[in-house]
Amino acid sequence: MLRKTLTEDSFYLNLGPQHPSTHGVLHLLLKLDGERILECKPLVGYSHRAHEHMGQNRTYLQFLPNTSRMDYLGGLCYNHAYCLAVEKACGIEVPERARYIRTVCAELNRISSHLLWFGAYLMDLGAFTPFLYAFDDREDILAILGEVTGSRLTYSYCRFGGVNRDLNQNFLDGTKAFIPKLRKRLKDYRTLVTKNIIFLNRTKGIGTVSAELARDWALTGPNLRACGVAYDLRRAEPYSIYPELEFEIPTATAGDCYDRYWVRMAEMEQSLRIVEQALGRLPEGPVKAAGVPQWIQPPAGDYHFSYESPRGHLGIYFVSDGGRVPLRMKWRTPSFSNLSILSEILPGTLVADTIAILGSIDVVIPEIDR
Amino acid sequence: MSFLEDITPVLAQRFGVENLTAQDRARHGYDLRLALDQERLTELVGLLKEAGCYLEYITAVDQGQVLELLYFFGRYDQPPFRLQVKVAMPKGVAVPSLAGIIRAADWQEREVFDMFGQRFAGHPDLRRILLSEDADFHPLLKDFKPGPEHGGEVVNLERK
């Protein structure tokens with residue numbers, strides 16, 4: 001009897017579009033039975049800015065600043081990916097030094113993205129202190145990257161055939177000081193958060209995703225690796241200088257919120273290793289290829305490029321008819337697929353867990369909406 | 001033996017060797033292209049799912065009279081594998097939805113519907129995803145011209 005009454009009393013709750021825990025303008029339509037979720041419909045598109053349409057109505061170079069505005073936390077990675085995609089299609093060779101510089105910057109960007117996620121996630125779960133520490137660390141990276149790129153978030157540092165300008169001494173000194181600092185901080189985070197009983201209770205066994213389910217929903221990135229699948233495009237389809245570097249792909253087994261957390265924390269350590277190695281071997285030479293044509297005109301045909309962004313598989317697909325403007329410009333953004341799994345894993349959980357699960361997936365809304 | 005070497009003869013045998021084209025991965029980023037008739041789409045996708053592939057994305061290219069639907073499949077594996085399935089459709093004709101076979105197809109198909117107006121028969125919830133519900137246009141079609149008639153340019157604050 002009680003059960004029947006409760007079912008009849010089910011109601012809808014709008015989480016978002018303006019809600020501090022949805023990290024941007026995301027709208028979750030929840031059907032609730034008391035505190036328990038019966039159904040979840042994520043509604044996206046609030047920050048659609050027609051990036052693909054713009055890409056098809058601009059030259060390749062004109063589109064470059066758009067790339068970092070899709071995923072504003074991994075802007076340099078998106079820059080990097082776009083340049084690699086176009087260079088591959090046109091057969092432009094990038095000088096050795098530029099390849100190293102790009103990788104260093106992309107990995108620093110990955111760390112800053114994970115740091116922001118770490119701080120914001122813990123704040124979602126009610127812990128305020130880690131947020132302040134994470135933003136302190138992240139500020140160092142933004143200052144270091146600002147030295148050479150001139151921007152804090154929406155970078156346009158990479159160019160077809162290299163980078164805009166060479167690293168300066170402040171960048172090198174700053175990074176050198178930052179690596180041991182963050183290593184020490186990651187240790188602190190481990191004692192502060194990773195073993196914290198409140199945190200463990202909020203995340204262990206919550207929002208579990210099996211490897212099979214992850215494949216069905218096309219999950220990639222840390223969310224997939226938390227399910228035990230060691231799939232990282234830096235290793236699976238190596239680009240840039242990654243084949244020359246030593247690093248591991250952290251994976252976990254349970255696929256719950258805790259494991260997604262753990263994988264990202266471990267990834268930061270690996271990114272530090274990459275930065276350290278790449279800067280240690282930084283070759284001399286030019287940072288921009290000579291003879292890159294003024295107008296980029298890839299030979300007619302279609303081109304796909306895969307990149308491991310901080311959130312997973314970033315796919316760039318474009319069709320060229322040999323002209324200055326692409327015929328089609330498609331971006332497969334990882335959060336788009338990663339978010340859609342919510343409608344599968346949220347039913348049956350509590351509203352409080354919604355925040356824990358949504359946060360652990362690490363979505364960037366403008367990247368979904370494009 | 002790599003997955004690519006395993007699957008190529010299977011695809012050639014079942015879907016016709018003339019429909020299968022090997023691509024230069026170093027330049028084009030994928031290994032195989034399969035031109036397919038829409039009637040055999042679900043059969044192919046069932047086979048790919050069974051073989052451990054995941055749906056990377058679905059997109060389309062407007063070629064005038066014809067809309068080319070492109071399905072990309074990959075694998076969580078090394079060496080990498082990527083297949084492009086190309087289904088050419090006259091505009092206005094529905095293709096079978098894959099949402100019942102691969103869950104990731106749900107949102108991907110909604111996006112293609114939103115941007116190109118392509119219908120997917122059997123999709124559980126074929127609504128717009130990125131544009132607003134009342135939009136009456138499909139912006140990635142080549143005959144689309146942005147302008148005030150789509151409500152995006154002019155904001156009349158005095159209107160009730």
Side-chain angles (χ1 to χ4, degrees), chain A residues 41-50 52-53 56-57 85 88-91 211 213-220 224-225 227 229-233 235-238 298-299 301-306 313 315-317 319 327-333 336-337 339-341 343-344 368-370, chain B residues 23-31 33 49 52-63 68 70 72-82 84 86 99 101-108 110-112 114-116 125 127-133 135 139-142 144-146 152:
Chain A
K41 272 189 187 172
L43 304 171
V44 297
Y46 288 91
S47 49
H48 178 60
R49 288 141 300 156
E52 287 183 14
H53 191 273
Q56 290 165 213
N57 289 285
K88 196 168 151 185
C90 299
L213 198 63
R215 181 164 72 89
D216 204 13
W217 287 93
L219 245 57
T220 46
L224 175 71
R225 293 192 280 275
C227 313
V229 184
Y231 179 68
D232 186 318
L233 289 157
R235 280 282 186 252
E237 298 181 38
D302 63 342
Y303 304 93
H304 170 98
F305 188 80
S306 286
H313 180 174
I316 302 171
Y317 176 77
V319 182
L327 204 65
R328 174 83 180 99
M329 174 64 75
K330 157 77 185 170
W331 286 63
R332 184 252 191 230
T333 52
F336 188 84
S337 300
L339 180 75
S340 63
I341 199 173
S343 56
E344 171 86 30
I368 296 171
D369 293 348
R370 280 162 281 151
Chain B
Q23 297 281 335
D24 178 13
R25 162 174 275 273
R27 191 161 188 94
H28 294 281
Y30 58 99
D31 303 295
R33 170 191 280 165
K49 192 187 174 182
C53 294
Y54 78 104
L55 176 68
E56 291 182 343
Y57 58 93
I58 306 175
T59 188
V61 182
D62 183 1
Q63 302 279 22
E68 267 178 21
L70 303 169
F72 282 84
F73 292 90
R75 261 168 72 89
Y76 299 141
D77 203 7
Q78 244 175 318
F81 167 76
R82 183 165 294 111
Q84 183 199 67
K86 187 166 165 179
I101 309 171
I102 292 188
R103 310 295 295 277
D106 187 331
W107 278 26
Q108 296 289 341
R110 279 178 65 190
E111 190 189 327
V112 175
D114 199 1
M115 297 296 161
F116 295 93
D125 185 21
R127 283 177 295 127
R128 286 187 180 270
I129 186 163
L130 296 182
L131 299 187
S132 65
E133 289 164 21
L140 292 186
L141 290 175
K142 290 290 176 196
F144 168 75
K145 293 276 175 291

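Letters A, B, ... are given to chains in the order of the sequence lines, protein chains preceding strands, and every chain is numbered from 1. Bear in mind the structure is a predicted one, so any value in this text is a computation, not a measurement. When reading the values below, keep in mind they use all heavy atoms of this one structure, side chains included, and skip hydrogens, waters and symmetry mates.
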Atom group of A/His313 that falls short of 4.5 Å from chain B, counting heavy atoms: side chain
Any A/Val44 side-chain heavy atom under 4.5 Å of B/Glu111 side chain: no
Heavy-atom proximity to chain A below 4.5 Å, by part of B/Ala26: backbone
Contacting region of A/Lys88 [heavy-atom separation from chain B under 4.5 Å]: both
Check against salt bridge (charged side-chain N to carboxylate O under 4.0 Å, His left out), A/Arg328 and B/Asp62: CA-CA 8 Å; A/Arg328 174 83 180 99; B/Asp62 183 1; over 6 Å; no
A/His304 ring center within less than 6.0 Å of B/Tyr57 ring center: yes
Heavy-atom contact with chain A under 4.5 Å, split by part of B/Leu70: side chain
Flag side-chain contact, heavy atom, 4.5 Å: B/Gln84 against A/Tyr317: yes
Interchain contact, B/Lys142 with chain A, by part (heavy-atom threshold 4.5 Å): side chain
Atom group of A/Ser306 that falls short of 4.5 Å from chain B, counting heavy atoms: side chain
Salt bridge (charged side-chain N to carboxylate O under 4.0 Å, His left out) assessment of A/Glu344 paired with B/Arg103: CA-CA 9 Å; A/Glu344 171 86 30; B/Arg103 310 295 295 277; 2.9 Å; yes
Part of A/Ala214 within contact of chain B (heavy atom distance under 4.5 Å): backbone
Parallel, tilted or perpendicular: rings of B/His28 and A/Tyr303 (30°, 60°): parallel
